[in-house]
Every structure is written in C-alpha cells, then in structure tokens.
Amino acid sequence: NQVSSNKIQAARYGASLLGGPSNKISGNIITNARDVGLDIGTDNSEIFENTISSCGTGLFKAYGRANNRIYHNNFIDNTASAAIGQKPYPYSPDDPVNTWNLPFPDGGNYYSDFTTPDNFYGYLQDMEGSDRIVDASKIFNTNNADRLPFALPDRWKVSDRIPPGKITNLHTVNITR
C-alpha cells in the first residue's frame, strides 16, 4: 500500500494506517488534527517526507509494531512530536525497535521542539562545527530514538550538511590493474 501526496487538515485523526505490512507513507501534509496527525499500526513500513503540524500528537505508533523506518519528516508545532504505546499514549520501555533516522549524514526527522544544540558534526556529533543536525538524540523509549534529528525543517533536501573545510585526510588513490 502507498499513501502519498495528500493534504489533510482539521480532523480528529489526520491519517490512520492499521494492519498490512510494507506500506509507504510519503509526501503528505497533515495539519490541525485534534488527536493524532499520523496513526501507525503496521510493521515494516516506510514513513518519509511528510509534514505533520499543529496536531495533538504528530505521529502515534502503536505498541508492538516493529521494523518501521521513520525518517525525513517535519514535526512542527505539535503538542507532542511523537508517541509510542497504547492509547492514551503511555510509553513502553520494551517496545520493539523502529528506525527513526538514516545513517549520517542523511539524518532523521525535524522536531520543532528539539532543535538545539548544534555545535558539533559527524557521525557521533563529536567534532567541532555545526552540520544542522542536533547534537543529542531524541529519545522516545529504550528501543526507539532518532539519533540524528535535524535542527531545521526539510534539511535533508540541502546538500551542504557537512560544513565547508571540515573534511580532512582526503587523498587521491590511483589504482592500476
């Protein structure tokens, strides 16, 4: 199943995907959903490049759902960016693992309530200089965290994520056969 390129606004729930594995949810704009912008009750799905704003909870992932890839989404001005568990949204420390980011430098998601600090760059965010990726992980529970949250919306669309002059130890290698 694929849910893409929709504009949903002013509803109790923006969109709910319940059951059926291996779905793709992308390019949707969901605004002003009173309860939940995007309600995920599925496994092995890919949720990317959505903008969810001014909702009660931006994304709610049902307890026990696993192996979802959630990346390159904008969560803007929601009461809660994301919640994991069973309604009414208790966090569960043993919830199965979901992936909330791609490897560095491709990064995770943007959360308007989680944008600083950004004083370091690199895979471990331990080298001096900004890369527009927040230096700390956004942790949802023991098994679910966005390790590379963006400091700006849509930052994954910009190619200059690594600061100029910060790449070192590059050299040319000639390979002959």
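In this model, a donor atom of one side chain and an acceptor atom of the other lie less than 3.5 Å apart for S130 and D118. Between the side chains of N109 and W100, no donor-acceptor pair is found at a separation under 3.5 Å. Side chains of N67 and D43: no donor on one and acceptor on the other come within 3.5 Å.
In this structure, S26 contributes its side chain and E49 its backbone to no donor-acceptor pair below 3.5 Å. Listed for the N73 side chain is no donor-acceptor partner under 3.5 Å among the backbone atoms of I52. In terms of modelled atom types and a separation under 3.5 Å, the side chain of S112 and the main chain of D77 share a donor-acceptor contact. When atom types are taken as modelled, the side chain of N23 and the backbone of V3 share no donor-acceptor pair closer than 3.5 angstrom.
The two atoms that bring G14 and A33 nearest to each other are N-CB, 3.6 Å, heavy atoms only. Across P149 and S137, no two heavy atoms sit closer than the pair CD-CA, 4.5 Å. In plain terms, the two heavy atoms of F104 and L148 that are nearest each other are N-CD1, 3.5 Å. N44 and N68 make their closest contact through N-OD1, 3.4 Å (heavy atoms, listed as atom of the first residue, atom of the second, distance).
Counting Ile, Leu, Val, Met, Phe, Trp and Tyr side chains that sit under 4.5 Å apart, directly or through other members, Y71 shares a hydrophobic cluster with F48, L102.
Rounding to the nearest 0.5 Å gives a distance of 11.0 Å between OG of S81 and CG of N74. Residue D154 holds its CG atom at 10.5 Å from NE2 of H72, rounded to the nearest 0.5 Å.
Listed by chain and residue number, F75 satisfy the ring pair (Phe, Tyr, Trp, His ring centres under 6.0 Å) test with Y111 (two or more places apart in sequence, or in another chain).
Contacts classified as salt bridge (charged side-chain N to carboxylate O under 4.0 Å, His left out) and involving residues 133-150 (residues at least two apart or in different chains) are given here: D113-K138.
The shortest side-chain heavy-atom distance between D35 and T57 does not fall under the 4.5 Å cut-off. Side-chain contact between T31 and K7: absent, with no pair of heavy atoms (C-beta onward) separated by less than 4.5 Å.
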